[in-house]
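Not measured: the values here are computed from a predicted model. Convention: sequence-line order gives letters A, B, ...; per-chain numbering from 1.
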There are 2 protein chains.
Amino acid sequence: MDNSGVFTEPHAHGACGHHVLGDDCRFCSIRRLSVCSALDPDELSFLEDMSGDAAFEEKSTLFRQEDEAFSVYNITAGVVRLVRSLSDGRRQITGFALPGDFLGLALEKSWKFTAEAVTDVKACRFKRSTFDDFSEKKPHLMRRMHEFATHELSLAQDHMVLLGRLTAEEKIASFLVTMKRRWTRVEGHELGLIRLPMGRQDIADYLGLTIETVSRVINQMQRDRKLVIVPDGIRFVDADYFEHRALA
Amino acid sequence: MDNSGVFTEPHAHGACGHHVLGDDCRFCSIRRLSVCSALDPDELSFLEDMSGDAAFEEKSTLFRQEDEAFSVYNITAGVVRLVRSLSDGRRQITGFALPGDFLGLALEKSWKFTAEAVTDVKACRFKRSTFDDFSEKKPHLMRRMHEFATHELSLAQDHMVLLGRLTAEEKIASFLVTMKRRWTRVEGHELGLIRLPMGRQDIADYLGLTIETVSRVINQMQRDRKLVIVPDGIRFVDADYFEHRALA
DNA sequence: GAGCGGCATTGATGTAAATCAAAGGTTGAG
DNA sequence: CTCAACCTTTGATTTACATCAATGCCGCTC
């Protein structure tokens, strides 16, 4: 099924027609953020040998809910939306994966959500069985995975508060503040603007709102001089307002 | 700070004035459901030696968000609500812990939520540092904890769909179906009624609704002959209706 | 640079659930 | 048994957000 340590994924498409071995992990710019930060140089090079680069075009699907999880991924560039859909078309986005985020924490055979590339995406891909065997032998990697999982759980609980108890305005403010923090962490320094590569519909599906409400609230904030809308994102004008209004 | 393996918790109250060593784990009725099912007899007896029974009266607090997490708990009897509160009093209940559930998966020093006893509660308590050391040395216990964490994460995502995208009627139906499944698992067999030891306000705070809406929807379901309200719970009349309406 | 397709915005209207406001029930103390 | 405290239920009214319906605004392709 594969040769020379390179393997293919049944549902791979887009720019992903061929694979190259992973770039050198030692120079990986998001390593400090990722599960790999738990590893020493020897382990890192072992992991590197069993990894492959994967690229996904904007709008392509990394994997679908219910698909068998042959691979796990470390996102190295771009943004992925994690989606749960109801049979009648209603969607809830449970999260956006940014560089450094790991997809495949669960130890189950099948994916519990669909992952779609919001922008062009690059990821470090591992064959699941190999990765699991490795983490079985490396307690600090397993521990790191567990830390990631419990951190995600805490974020999920924050998001429950947001979905269940915040107003539309508070939801948008919380989302923007969170995105600002996350991008700052990924980029390593504060940017003037807050990147919003996802569309208004995605934001709506993440916050449990409609696209019209998201548009209205953001534009009202602009009229109220709280922010300015710029290409590919927004810029805070009144940062205090946002810190005060973001509760989750 | 403690003697003969028995330790005290700074915030322990209620019926918890003194401790006895844990009951015999071999006869623990919820072991098959708990993290302990990963352990062999030797490990179990080691764990038993480092555990203590804890009891909490109805309405008492097991621990508060931000408190330092000195202990971790395995719930053996009763129901605990896990609460996140906003400064203005709005509450979101992120989950109800039933027998077999574990509190303390996170590896962080402080609790990320408040835990309150809905009924009288019994729990198997471990000193956190001891438990962590033990799981560090026992990969399959760590793995089991990780399985619990990722399972919780998946449930949290289900709950996000519920909070963000379901109607009040769908939320109630989903809640009832879930409680039925969970109690059946805990009791080991199907009961005629679905126990609802928590009050209407708790259900509302779990589903992101108000108490009035919860009351109205449940009573409307009764008028529509979908269920009957009984002391301490409800009974399904039209189980098909619920299976069909519960989406998360 | 005309036309098209895919978002985003804006306005008018509708509605599910919140809020406000009383009653009813149930429990337990005295 | 009576009373009080605390839930829960029910009804009337309001409202935040959804829905329905255009219109505007790019960035493509040809």
What is the distance from CZ of B:Arg90 to P of D:dA16, rounded to the nearest Å? 13 Å

For B:Asp232, which residues count as a side chain to side chain contact (heavy atoms under 4.5 Å, CB included) partner, sequence neighbours excluded? none

I'd like to know whether B:Ile218 forms a side chain to side chain contact (heavy atoms under 4.5 Å, CB included) with B:Ile229, so could you lay out the CA-CA distance, the side-chain angles of the two residues, the decisive distance to 0.1 Å, and finally the verdict. CA-CA 8 Å; B:Ile218 292 180; B:Ile229 299 169; 3.8 Å; yes

Among A:Phe113, A:Phe70, A:Phe56, exactly one meets ring-ring contact (aromatic ring centres under 6.0 Å, His included) together with A:Phe63. Which residue is that? A:Phe113

Applying the ring-ring contact (aromatic ring centres under 6.0 Å, His included) criterion to A:His159, which one of A:Phe96, A:Tyr206, A:Phe175 satisfies it? A:Tyr206

Summarise how protein sits on nucleotides 5-10 of chain D as a single string, 5' to 3': B when a protein heavy atom is under 4.0 Å from the base, S for sugar-phosphate-only contact, - for no contact. ---SBB

At what angle, to 10 degrees, do the two end axes of the helix from C:dG1-D:dC30 to C:dG30-D:dC1 meet, given five pairs define each axis? 30°

Would you say the side chains of A:Ser60 and A:Glu57 form a donor-acceptor pair under 3.5 Å? no

For residues 203-225 of chain A, which residue pairs qualify under salt bridge (charged side-chain N to carboxylate O under 4.0 Å, His left out), counting only residues two or more places apart or in two chains? A:Arg91-A:Asp205, A:Asp205-B:Arg165

Chain B vs DNA chain C, heavy-atom contacts under 4.0 Å, first-to-last nucleotide span, 5' to 3', is C:dA17 to C:dC20

Around B:Lys112, counting heavy atoms of other residues, nucleotides and ligands shown, do more than 12 lie under 6.0 Å from its NZ? yes

Sequence neighbours left out, what passes side chain to side chain donor-acceptor pair (under 3.5 Å) with A:Ser154? Give chain and number order. B:Arg84

Closest approach of A:Ala117 to A:Leu62 (non-hydrogen atoms, all atoms of both residues): N-CD1, 3.8 Å

Counting only heavy atoms not in A:Arg90 (residues, nucleotides, ligands), do more than 12 fall under 6.0 Å from its CZ? yes

